[in-house]
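Below, chains carry the letters A, B, ... as their sequence lines are ordered, and counting in each starts from 1.
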Protein chains: 2
Amino acid sequence: MPKQGTPLPHTVLGSDTPCCPPLAQQRIPAEVATALAPAFKALGDPVRLQLMSMIASAENGEACVCDLTPAFDLSGPTISHHLRTLREAGLVDAERRGTWVYYRARKAVLSQLAALLASGGGTTAP
Amino acid sequence: MPKQGTPLPHTVLGSDTPCCPPLAQQRIPAEVATALAPAFKALGDPVRLQLMSMIASAENGEACVCDLTPAFDLSGPTISHHLRTLREAGLVDAERRGTWVYYRARKAVLSQLAALLASGGGTTAP
DNA sequence: TGTCAACCTAGACGAATGCCGAAGCAAGGG
DNA sequence: CCCTTGCTTCGGCATTCGTCTAGGTTGACA
């Protein structure tokens, strides 16, 4: 294997995921839970949650790593690792353009997760 | 001291949490990320995600542990531990009624999380 | 009162996670 | 051509997580 063939891999949770009936409306099957849990787990860290927000709310829908890294008190490799986690959870896409690497949010997946958490019928009941 | 005075404690993420402007609309501050990440982390496990769904979609809005436990190939204490995690993340409430303990979903919190993930404006962008 | 059932807590252990520094690849100048 | 800059991967610790068995604590019932 010539070492570094593929530029940047993604994973899972594309469009083959069953998903989507609101969590509170119908008991979700084990398969769906197993497929979606990694996405929530990826969001279950303050740094990644901020990264996700910075990427998703960026001007052109994409953010450069060179803009993301200095926003934290963490080393470059650590940020890279968190971005990799987000990528492997299917929450973002990465693309290298010239010198820099840009990350882009997969809004469809975010919507999927939002729909799952949405209360379906009875919104709130204080 | 008779040891077990308080019945069952909850934690965090009640109504003091800032929250809510969609993640993709505006970069969320570190405090908010820190406050919300534990909730996502709690959902980042297949078992807890299923538990959450079973509780949230239960008939009367509440589910008995005695109904939850046999749905998994896990020991009772393990399920109890997962329920505790959900409780400490502020996602569910627990109440002991006679012999059984009932768990109830905090739909308001779920809605909060859903709103955060909702794409605000541009739903999907293939 | 004694006994049983339901559920939680405590302690332990392997596996995964978060962090870093050092090293490796890619692109763009001198 | 080499050298610098940007980002990722690699190898290592310290910490956290998921699971179990064992041992309470509470409530119901004979």
Atom [atom1] of [X] to atom [atom2] of [N]: distance rounded to whole Å?
| X | N | atom1 | atom2 | value |
| --- | --- | --- | --- | --- |
| Glu62(A) | dC7(D) | CD | P | 13 Å |
| Ile79(A) | dG21(C) | CD1 | P | 13 Å |
| Glu88(A) | dA16(C) | CD | P | 14 Å |
| Arg84(A) | dC10(D) | CZ | P | 7 Å |
| Trp100(A) | dT4(D) | CH2 | C1' | 13 Å |
| Glu95(A) | dG6(D) | CD | C1' | 16 Å |
| His82(A) | dC7(D) | NE2 | P | 17 Å |
| Asp45(B) | dT17(C) | CG | C1' | 14 Å |

Candidate pair Arg106(A) and Asp93(A), rule salt bridge (Lys or Arg N to Asp or Glu O under 4.0 Å), full reasoning = CA-CA 7 Å; Arg106(A) 288 198 175 181; Asp93(A) 272 330; 3.2 Å; yes
Of the listed nucleotides [options], the one nearest the side chain of [X]:
| X | options | answer |
| --- | --- | --- |
| Ser75(B) | dT17(C), dC20(D), dG18(D) | dC20(D) |
| Arg96(A) | dG6(D), dT8(D), dT17(C) | dG6(D) |
| Arg48(B) | dT9(D), dC7(C), dG18(D) | dG18(D) |
| Thr78(A) | dC8(C), dC20(C), dG6(D) | dC20(C) |

Whether [X] contacts [N] is assessed here as follows: a side-chain N or O lying under 4.0 Å from the phosphate OP1 or OP2. Is that the case?
| X | N | answer |
| --- | --- | --- |
| His81(B) | dC20(D) | no |
| Lys41(B) | dT17(C) | no |
| Tyr102(A) | dG6(D) | no |

request  = With heavy atoms under 4.0 Å as the rule, sort Gly76(B) into base, sugar-phosphate or nothing.
outcome  =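 Since no nucleic acid heavy atom lies under 4.0 Å of Gly76(B), the category is nothing.
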request  = May I ask you to say what Leu74(A) touches in the nucleic acid, namely base, sugar-phosphate or nothing, with a heavy-atom cut-off under 4.0 Å?
outcome  =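 Leu74(A): backbone/sugar contact only, no base atoms under 4.0 Å.
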query = Start at the 5' end of DNA chain D and walk down; is the nucleotide closest to Pro77(A) or to Thr99(A) reached first?
reply =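 The residue mapped nearer the 5' terminus is Thr99(A).
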Expected output: side-chain [X] to main-chain [Y] donor-acceptor under 3.5 Å:
| X | Y | answer |
| --- | --- | --- |
| Thr78(A) | Leu74(A) | no |
| Thr85(A) | Ala42(A) | no |
| Ser57(B) | Gln25(A) | no |

key: First of Asp73(A) and Asp67(B) reached from the 5' end of DNA chain C, by closest nucleotide   =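 With Asp73(A) and Asp67(B) compared, the 5'-side residue is Asp67(B).
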ask   = Only one of Val65(B), Leu68(B), Leu83(B) forms a side chain to side chain contact (heavy atoms under 4.5 Å, CB included) with Val101(B), so which one is it?
value =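 With Val101(B) as partner, Val65(B), Leu68(B), Leu83(B) yield a single side chain to side chain contact (heavy atoms under 4.5 Å, CB included), made by Val65(B).
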